[in-house]
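Notes to accompany the following structure.
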Amino acid sequence: MIETQKPDRAQDVLIDRFGRRVDYIRLSVTDRCDFRCVYCMSEKMTFLPRERVLTLEELYQVAQAFVSLGVSKIRLTGGEPLVRRGVIGLIRQLGQLDAELVITTNGSQLPKMARDLREAGVRRLNISLDSLHDDRFRAMTRIGNLDQVLAGVDAAIAAGFERIKLNAVVMKGRNDDEVPALVDYARDKGIDISFIEEMPLGNITEHDRAEAYCSSDEVRQMIEQHYSLTRTTERTAGPSTYFRMADSDSRIGFISPHSHNFCGDCNRVRVTVEGRLLLCLGNEHSVDLRAVLRAHPGDGEKLRQTLIDAMDLKPERHWFDLEDDEPQVIRFMNMTGG
Ligand code: SAM
Ligand code: SF4
């Protein structure tokens, strides 16, 4: 195991060619999932064989190397991170590192895991929830069970996380009419909610992403018919911009990869479960960390230098074009680590 090091030299932080400091990683712990959301996966997905997936120990080493380079926030994602066998042990280890540990989950495992996660040191949770109607929820996730997720939200609230945020991808003709109801649900529960514009990751043939596209500005207008929103300067180190309502603690966020490009102050990178370090969500620039880990087992310095060098590859920005017939990025969101 590599010894934890804190950054102590000027070069011991991750800075790209555009002067952006990277202090946030999204670490995918599995490409597998118990749902098949229509915007994220195709109906018949094949998943990676075990030998191509980083072991729990390798995932820990990657996180540890990043923290030694000044990364202060780790988000576990996937696929569905909580379906990976043994993940709670990894989370306990990560909880000991000097970084804020947060998870993005579809909520299905929270009824049984929420308390353990809190005890393991997870500070905040993002829970994906696109609809409050059984049939629609099933249609959007293909196999998900709404009651299980709602029970998961309640279990998370009971477990006392510092902040809980719902994430809803809004699609025209699918769930756009539920925006006010989702806001009311978040207000009732005293939690935050972010609305996400669907991104063209992976080749999905069942719906037309351009037709389903609902911009953050449209979503905001829907909400403003019920509540007046005040923009805040609050950030959570992620891409959301936040608004507040006068009579509630719940914040409303917008993640707008199309309409309000967030690349200028991008502070994050992703690591896929194959150990591919992705420098940008919407580009293919990457470095194979698995090769480094397996060619130099236990060599923390080699891994750290690889991460420092990789910063030169981080592109300035992404471009998403919904009119393009081919997706610019072939990998699906579950392979990317959302
Ligand atoms: N399974 C977990 C979940 O659903 O929260 C974590 C992984 S999921 C890939 C992370 C987030 O990405 C979810 O909030 C999901 O709604 C979002 N997402 C997936 N595919 C997307 C797409 N094509 N465009 C925008 N958001 C997407
Ligand atoms: Fe699974 Fe999350 Fe993708 Fe839905 S969005 S299929 S829950 S990984």
Side-chain angles (χ1 to χ4, degrees), residues 26-45 47-48 74-84 87 102-110 113 117 122 124-131 137-146 148-149 152-153 156 164-172 174-175 182 192-210 212-216 219 238-240 253-259 262 268 270-273 278 281-282 318 320 322 327-338:
R26 294 186 173 219
L27 189 58
S28 176
V29 302
T30 180
D31 60 327
R32 290 165 196 259
C33 188
D34 51 345
F35 293 1
R36 296 282 182 282
C37 301
V38 291
Y39 43 74
C40 178
M41 294 191 182
S42 63
E43 190 156 16
K44 293 200 173 55
M45 291 290 289
F47 295 106
L48 293 166
I74 301 171
R75 176 176 300 285
L76 299 185
T77 178
E80 173 47 42
L82 301 182
V83 300
R84 171 128 189 206
V87 74
V102 298
I103 300 183
T104 300
T105 172
N106 66 22
S108 68
Q109 307 304 307
L110 289 176
M113 290 179 80
L117 294 174
V122 176
R124 296 192 287 114
L125 282 183
N126 285 359
I127 306 172
S128 300
L129 178 66
D130 302 325
S131 173
F137 185 85
R138 175 63 53 103
M140 284 185 82
T141 59
R142 293 202 186 95
I143 43 177
N145 177 324
L146 176 63
Q148 204 178 335
V149 173
V153 173
I164 298 169
K165 178 162 77 87
L166 302 175
N167 276 340
V169 175
V170 184
M171 296 170 74
K172 283 225 170 96
R174 286 262 192 178
N175 65 342
L182 285 163
D192 298 339
I193 183 162
S194 276
F195 293 99
I196 307 177
E197 293 176 349
E198 185 186 357
M199 287 174 267
L201 299 184
N203 205 348
I204 281 167
T205 49
E206 292 151 61
H207 71 270
D208 181 334
R209 297 212 206 238
Y213 174 65
C214 189
S215 74
S216 292
V219 174
S240 283
F254 296 96
I255 302 178
S256 322
H258 294 278
S259 57
F262 45 57
R268 53 203 165 270
R270 293 174 160 75
V271 180
T272 73
V273 73
L278 289 171
L281 175 63
H318 69 252
F320 286 142
L322 287 171
Q328 294 99 311
V329 175
I330 309 300
R331 66 189 134 77
F332 285 97
M333 192 60 149
N334 73 308
M335 290 298 297
T336 304

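Indexing begins at 1, ligand by ligand and atom by atom, following the structure's order. Counting begins at 1 with the first residue of the sequence.
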As an exercise, identify every atom of ligand 1 less than 4.0 angstrom from a heavy atom of [X].
| X | answer |
| --- | --- |
| T77 | 6 (C), 7 (C) |
| R209 | 23 (N) |
| E197 | 25 (C) |
| N167 | 14 (O) |
| G78 | 7 (C), 9 (C) |

Checklist entry - Going by heavy atoms, is G79 under 4.0 Å from ligand 1? => result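 Yes; G79 lies near enough to ligand 1 that a heavy-atom distance drops under 4.0 Å.
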
Next on the checklist: Checking T105 against E80 for the side chain to side chain donor-acceptor pair (under 3.5 Å) test, could you report, in this order, the C-alpha distance in whole Å, the side-chain angles of both residues, the deciding distance, and whether it holds?
Outcome noted: CA-CA 6 Å; T105 172; E80 173 47 42; 2.8 Å; yes

Item to check | Identity of the nearest option to atom 3 (C) of ligand 1, non-hydrogen atoms only, from P81, S128, C37, A168 | outcome: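 Minimum heavy-atom distance to atom 3 (C) of ligand 1 goes to S128.
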
Minimum heavy-atom distance between [X] and [Y], given as atom pair plus value:
| X | Y | result |
| --- | --- | --- |
| R36 | M41 | CD-SD, 3.7 Å |
| K165 | S194 | NZ-OG, 3.0 Å |
| V38 | A139 | CG1-O, 3.6 Å |
| V149 | S108 | CG2-N, 4.3 Å |

Item to check | Steps toward side-chain contact (heavy atoms from CB on, under 4.5 Å) verdict (M140, F35) | outcome: CA-CA 9 Å; M140 284 185 82; F35 293 1; over 6 Å; no

Does [X] reach ligand 1 with a nitrogen or oxygen that is under 3.5 Å from one of the ligand's nitrogen or oxygen atoms?
| X | value |
| --- | --- |
| E198 | no |
| C33 | no |
| Y39 | yes |

Next on the checklist: side-chain contact (heavy atoms from CB on, under 4.5 Å) for V170 and L182? Distances and angles first, verdict last.
Outcome noted: CA-CA 11 Å; V170 184; L182 285 163; over 6 Å; no

Next on the checklist: With respect to atom 3 (Fe) of ligand 2, please indicate if C40 possesses an N, O or S atom at a distance under 2.8 Å.
Outcome noted: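 Here the distance criterion (N, O or S atom, under 2.8 Å) is met by C40, so yes.
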
Checklist entry - For S128, is the nearest heavy atom under 4.0 Å from an atom of ligand 2? => result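 No.
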
Checklist entry - Just which atoms of ligand 2 are under 4.0 Å from any heavy atom in G79? => result 8 (S)

Within reach of ligand 1, part of [X] (heavy-atom separation under 4.0 Å):
| X | answer |
| --- | --- |
| M171 | neither |
| T105 | backbone |
| T104 | both |

Item to check | 4.5 Å side-chain heavy-atom contact, S215 and E197 | outcome: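 Yes, at least one pair of side-chain atoms sits under 4.5 Å.
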
Next on the checklist: Could you check whether any side-chain heavy atom of L146 comes within less than 4.5 Å of a side-chain heavy atom of L129, counting everything from C-beta outward?
Outcome noted: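 Heavy-atom side-chain distance check passes, below 4.5 Å.
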
Checklist entry - Does G144 offer a backbone N or O that forms a donor-acceptor pair with the side chain of R138 under 3.5 Å? => result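 Confirmed, R138 side chain pairs with G144 backbone.
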
